[in-house]
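What follows is one structure encoded as structure tokens, with my remarks underneath.
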Amino acid sequence: MPKTPQAIRGTQDIFGADAEAFAFVVETFERVRKLYRFRRVEMPVFEKTEVFSRAIGETTDVVSKEMYSFDDRGGESLTLRPEFTAGIARAFLSNGWQQHAPLKVATHGPLFRYERPQKGRYRQFHQIDAEIIGAAEPQADVELLAMADQLLTELGIEGVTLHLNTLGDGDSREAWRAALVEHFRSVKDELSEDSQERLEKNPLRILDSKDRRDKRFVADAPKIDQFLSDDARAFFDAVTSGLDAAGVKWTRAESLVRGLDYYRHTAFEFIPDEGSDAAGKLGSQSTILGGGRYDGLMESLGGAPTPAVGWAAGIERLAMLVGELEEERLEAMVLVENDAGMAAAIELLSDLRAGGVTADIMASGSPKKRYDKAVKQKPQHILRVDERGYHGISGEGDTSRIVAAINRHSVSP
RNA sequence: GCGAUCGUAGCUCAGUUGGUUAGAGCGCCGGUUUGUGGUACCGGAGGUCGCGGGUUCGAACCCCGUCGAUCGCCCCA
């Protein structure tokens, strides 16, 4: 016997209740995005490597050590997408989607990152994603966040709060960054090893360090608010007042930053409240939905300056929070009591399904045990068939749908 | 990439200081019983103990490596 190959590390085979929860997340997302008139797009799973390296930033962890990149047979470097936004931006530019701006699009599918797998973190994982491209107004941020909020509500997820921050415009962000570097450099030796490294690479990240040594200095670090231009401040105010008007609850998170280079202005994450049920289910993965405004991204891909805002959420993480979902209830089980009734049973089954009844057939194994096996599938009704044909139904509740499906056939020629 | 814990039947797990032929429950298959909404009893199949080395008279158990999972760090969704 040849040996069965192992699945790739960090991939999952999803089945049963988990698969139902996964599908529920996707179906709910599809329904909600239509309410907000986000148009469906399908994107390639791989792109030229530069799409991601230029858009996301060479120095980010995602690009520098987490991408699945390879040379194709033509010698071109390609990469399995580690996120949606860069690919959508590329498509926007290469297809001339500017003509549709402001463009609201939504998609979902698999993404790939070479990371150490953990609970709620996989090498092939899945996200739902929503973007508004070509909209500079704070109203776009509000709409995008309102949709995210409604999605979580309709998924039945509770104990999750929108953490909101602004990174300011490009100038604000740079001034703040410089001030942070200065602030932390003065105490560099007392910071954690990780943060000493972050000081050079990504000083904003020091702000949400969990290390006790860093937290002392984070408290009195310069705040973005001190560096916001009047425009940036007005923008953020418009976003927050819009959220209030839309009834979206939020909390200001001054130290919330995003890991990717392209973010400007609004940055946000939906995070489980401390000690909540949701926090417990997610382990150390806290963010279930995150995003922000990325006004600078199109230029990094050689396009005209184009304001845009978007978010993505991990389907697996959301699925962990929606809890156990039953598979669709079996309405009618056709029980073939002996093989002489097989033809009649197949005909009956076909009528039921054509009539919209969820139906299955039990016709294998010992005739004497078929009834027990049928019962174990927990059908609402069992229809018994033998050599005489269909001869009886048992079960509780309304049988009208089943009767209608059967009769429909007998009255039509 | 770093640290910790773990890997025994399809699933959940026992397995004594290293000692005969590795067990249980559930599930699966069959028989008897029951005879129409989860009956009871009996029997059966199913495991190179993740994989590869090593120590030993002897390894599921000890050591090393490797693959995988889980938890934390990092990062992120």
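Computed from heavy atoms alone, side chains included, the values below leave out hydrogens, waters and symmetry copies. Residue numbers begin at 1 in each chain, while the letters A, B, ... track the order of the sequences.
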OP1 or OP2 of [N] versus the side-chain N and O atoms of [X]: is any pair under 4.0 Å?
X         : N      : result
Arg9(A)   : A69(B) : yes
Lys376(A) : C28(B) : yes
Lys373(A) : C28(B) : no
Lys378(A) : G38(B) : no

Between [M] and [N], how far apart are the [atom1] atoms? Round to whole Å, please.
N      : M      : atom1 : answer
C42(B) : A9(B)  : P     : 25 Å
U8(B)  : G50(B) : C1'   : 10 Å
G15(B) : C73(B) : C1'   : 35 Å
C2(B)  : A77(B) : P     : 24 Å
A60(B) : G53(B) : P     : 14 Å
C57(B) : C11(B) : P     : 37 Å
U48(B) : A59(B) : C1'   : 14 Å
C62(B) : G18(B) : C1'   : 8 Å

Output the rounded distance in Å from CE (Met320(A)) to P (A77(B)).
15 Å
Nearest whole angstrom, please: distance from the C1' of G37(B) to the CZ of Arg384(A).
11 Å
With hydrogens left out and only the distance checked, is there a donor-acceptor pair under 3.5 Å joining [X]'s side chain and the base of [N]?
X         : N      : value
Arg116(A) : C73(B) : no
Arg113(A) : A77(B) : yes
Arg317(A) : C76(B) : yes

Would you sort out whether Asp149(A) and Trp250(A) count as a side chain to side chain donor-acceptor pair (under 3.5 Å), showing the intermediate values?
CA-CA 10 Å; Asp149(A) 188 66; Trp250(A) 58 278; over 6 Å; no
What's the separation between atom CG in Leu330(A) and atom NE2 in His381(A), rounded to the nearest 0.5 Å?
10.0 Å
Looking across every strand, which nucleic acid part, if any, lies under 4.0 Å from [X] by heavy atom: base, sugar-phosphate, or nothing?
X         : value
His108(A) : nothing
Arg205(A) : sugar-phosphate
Gly120(A) : base
Arg198(A) : sugar-phosphate
Gln380(A) : base
Glu337(A) : base
Gln118(A) : base
Tyr122(A) : base

For Lys223(A), does the NZ atom have more than 12 heavy-atom neighbours from other residues, nucleotides or ligands under 6.0 Å away?
yes
Evaluate whether the aromatic ring of Phe125(A) and the six-membered ring of the A77(B) base sit under 5.5 Å apart, centre to centre, with an inclination under 30°.
yes
Please name the pair of heavy atoms, one in Thr49(A) and one in Ser69(A), separated by the smallest distance, quoted to 0.1 Å.
OG1-OG, 4.0 Å
